[in-house]
Structure formats: C-alpha cells, structure tokens
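A quick write-up on the structure given underneath.
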2 protein chains.
Amino acid sequence: MAVKQQRTLVDQVFEKIFDLLVRGEIPLGGVVNEAALAERFQVSRGPVREAVKHLQGRALVVKEPYLKARVVDLSVVDMIQIFQLREAVEGMSVRLATQNMSNEGLDRLLSDFSDALENQDGPALDVHVRIAEASGNSRIRSLLCDELYYLLRLYRARSGDAPGRRQNAFSEHWQILRAMKARDADLAESLMRAHIARATSALHDLLESRDEDGADQSEKRNAG
Amino acid sequence: MAVKQQRTLVDQVFEKIFDLLVRGEIPLGGVVNEAALAERFQVSRGPVREAVKHLQGRALVVKEPYLKARVVDLSVVDMIQIFQLREAVEGMSVRLATQNMSNEGLDRLLSDFSDALENQDGPALDVHVRIAEASGNSRIRSLLCDELYYLLRLYRARSGDAPGRRQNAFSEHWQILRAMKARDADLAESLMRAHIARATSALHDLLESRDEDGADQSEKRNAG
DNA sequence: TTCAACAAAAGTGTTGACACTTTTTCGTCG
DNA sequence: CGACGAAAAAGTGTCAACACTTTTGTTGAA
C-alpha cells in the first residue's frame, strides 16, 4: 500500500470522497462518517479528517464541532447564489482574458472551439475554464476552476441542466469568442454576464415552479 | 487547559496564528513550523496541522507535500489580482444589496455611516462588509468577508494604504450609498467598481515605480 | 577547488489509542 | 401512558509515537 506516493494520502482521499459525492453514493445532505470512510479506503482516520476539512474549505461539506459532517445540500437557492457570483467573476475573467491573451493563444482557443463543435464531445464548461486560465489572474482561475465548478458538477450530477440550453450555449460561447477576437472587452463581459444570467433565470423559473415544497430551505447557511 | 471549550482547539490556533501573521511576528514568506507553534501554544501538533491546513484553504499559507509551509508572500501583483476579483464581486454585492435591502435596513446603514463619519473611528472596510451582508448572497458575503478581507488585512499590516485615499473613500462610499437609496442598481455597481478600480490603479502605479526590484515576483503561483 | 555521494538532522505524513461531546436508548417516576 | 433523567453507544477532538521525505553537512575523489 505505502510503496511510493507522490501526492499525499490526504489528496488521494479527497479525490475519492469527491468521486463518491459526484456518483451520488453519499447523497446530498448525507452524513460523512470518518471511520466508515477510513475503513473503506484502508487508511487511518487522520487523512480522512484532513480531507474532510479540505472539502469543508471548498464548501462541499458543512459541519460544526462535535457534530456530524454533512454533504452540502445544494438547493436551488444555493445554485442561484453561485450563479450570481459566477456572473460577476466570469465577466471579469473574460474581460481580463480579452485584454491579456496573445493573438496566438486567441486563435488557438478559437480553433479548439471549432473542433469541439464538430466532434460534439467537448463539454461546454471547457470554454469557461480556458478563459479563466487565460485571464492571467490566478485567484480568479482558482475560484472558478477549483471551487465553483466542483459545486456545479455536484449539482448537475443530481439534476442535469435544461435540455434545450446545450445548443444555445454553443451560440452564446461563439459570440463571446468573437467579441474577444475583436478585443472588445466591454462587449465580451456583457455577453458573458448575459450568458450566465440566462442560466440563472432558468433556475429562478425552476424555483417558482417548485415553490410549494420546502420553503424553509432558503434559510440555509454555508459555513466558511 | 481542557476545561471547557466551545470552539475547537483548531479554531483557536487558527486565530492565534493569524494574529501572528497580522502582527508580523511571522514575516510574509516566512516558514510556518508546526512543532514550534505547537510548543508556543502548548498544544499538540495535530491541531496546529489542521489550522495550517485551514490557512492553506484560505490561501494565507502555501505548501507542498513534505515541504515547509510558508506564509503567502503578497506581492503587488497578487494584490492587483485580488482587487480585480474584488471589483467584480463587490460590484455584484452592491447590485444585489440595492435590489434586496429593505427601506429600514437601508436607512439604518445610511445613519450608521453618518455617525461613523462624525466619530472618525469607523474603518472604511465596514461599509463593504455591511453591503456584503445585505446582499443576501451568503457565498458572496463569505468570499468577501471570510477570505479576501483577511488577505487585505495581511497586506495592509505590512504596507498601509495610500494616505490621501482615506478622504476620497468617504466621498465615494457616500455616492454609492446614495445610488443604493435611489434603488439604482446599475449606478451603484458602476460606482463600486470605479471605487475599487481606483485603488487598483494606485497599485499599478506602485508597481511601475518599483519595476527595478524583483521582476521575477510576478511568476508566483497561489496553490489552491 | 569543486562536485558527487553518503550520513545526520530537521520536518512533515501517518497511525492507533485515549478523552470529550452528542445522540440514542432504556428505566423510572409522575 | 407520557415525560424526565441516567447510562450506553456512536462519533468527533486531541495526543504522542513512529515512518517517510527533504534538507543540510561532511567526506572523499577527480
């Protein structure tokens, strides 16, 4: 078992637990039992504890001292809040990318996007990741790629996105990339914000169509 | 020692270490030694380890497996990146607050601001915190209050802000509050973004006036 | 003198045991 | 029969010891 490990055990356990969350083996809002996970992964409780602490730092798990750790229950309200944050941050992300990207990098992004559009296998999220990486702002990139997208994956694993939005997303992404190519940072930011705000509106509609069940869910706090 | 503790030891150690950072007892970029801190606080290495992990999650400490943990060295470039992120997020924060605040809450904020302006003791940051809390978006509030402001405090502890900006900040805050009172979310967001962008420009100037020393500092990575 | 290999030291990663807190269960009293 | 309280169970917090990795310091040869 402990032959040679580049990444630390904590990181490996972190990945494994996150996989469990995405696969739904631990349901949203379910309890995260340290001892059970330690037994399952054949490691001690220490690494599991730290991995859970790491998940807590990523806001994927919430807990209080001596209380059971629980997987964050991503309500529609939570998702709306995340999308509001994304709208602001991704707007700035594409603004900075438009200002900072080299012509070569921009052309490469455009051609990669065209390829993905033909092959139909490139996930829509990849465009956002590429833009975040090209923003040149490591903190924005980390917030989007290392934190918010984890939550998005977790949410989509339970309730996939609207079926009609896939095609719209391609067209909206294409418009954003054209604005970037034209070096119009203001336009690129506006388009990106509208792009995300549209998804937020869909969530708002979802919330209204479900306003009969669990009105108390809006009062959840996300420990930091 | 272990008489009665509401907060867990980890949280207490976290606070103590952060105080050490703000006071400058551990210099920026300095090494964080687990054993030494455990000895100093009269606790075991375990809580110190988790507290450092927590600081790492907050991006106040960076480290790699088996390597020494180091306090993040907040360069001017890092600060610019943080301000770019703040510009986007605080813009959204004040937009949401303008839309969501009750008339009573808004009046209370305005009167509290007037009081602080007379007493001269209210820190300028408080306005931003109040707005973030009023945004109704717990994730935005957490990002601003629990993460970015920690870094700001750390940076200001070493190199305080520009002396002339204090007075300007009051006037700019006042304009923002008036836009909120008028329920003009677009204007409030624009003013907030301009307010923060002004500080970012000051940092850019600072960077240019120091372009001779340490040009390699721009290649720092912030582990997430 | 300089470089490489080896040995010692310092520091981090991991583990299992123990202490404390919370929750559940069960018995007793009203 | 229901409510209150104590004991047991489950689970988390803390600790000290051990294993592994990195760094430092020394020795030897080219």
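Values below: all heavy atoms of this structure, side chains included; hydrogens, waters and symmetry mates excluded. Residue numbers start from 1 in every chain, and the chains themselves are labelled A, B, ... in the order their sequence lines are given, proteins ahead of strands.
With hydrogens and angles disregarded, a donor-acceptor distance shorter than 3.5 Å links the side chain of A:Arg70 to the backbone of A:Gly29.
A straight line from CZ of A:Arg70 to C1' of C:dT22 spans 13 Å, rounded to a whole angstrom. At whole-Å resolution of the value, CD in B:Gln56 and P in C:dT12 are 12 Å apart. The distance from atom CD of A:Glu39 to atom P of D:dG11 is 13 Å, rounded to the nearest whole Å. Across the protein-nucleic acid pair, B:Leu67 atom CG and D:dC20 atom C1' stand 14 Å apart, rounded to whole Å. Rounded to a whole Å, the OH atom of A:Tyr66 is 13 Å from the P atom of C:dA19. In this structure, B:Lys53 atom NZ and D:dG13 atom P are separated by 16 Å, rounded to whole Å. Atom NZ in A:Lys63 sits roughly 9 Å away from atom C1' in D:dG13 (whole-Å rounding). A straight line from CZ of B:Arg49 to P of C:dT15 spans 11 Å, rounded to a whole angstrom.
Close to C:dG11, at under 4.0 Å from its OP1 or OP2, lies a side-chain N or O of B:Asn33. Within the structure, a side-chain polar atom (N or O) of B:Thr8 is placed less than 4.0 Å from OP1 or OP2 of D:dT14.
Each of A:Lys68 and B:Lys68 has a nearest nucleotide on DNA chain C; the 5'-most of these lies closest to B:Lys68.
Using bins of under 30°, 30° to 60° and over 60° for the plane-to-plane angle, the ring pair B:His173/B:Phe113 lands in the perpendicular bin.
At the heavy-atom level, B:Val32 lies under 4.0 Å from the strands shown only through sugar-phosphate atoms.
Put simply, the side chain of B:Arg45 and the base of C:dG13 share a donor and an acceptor less than 3.5 Å apart.
No side-chain donor from either of B:Thr200 and B:Glu87 sits under 3.5 Å from a side-chain acceptor of the other.
If you look at B:His128 and B:His195, their ring centroids are closer than 6.0 Å.
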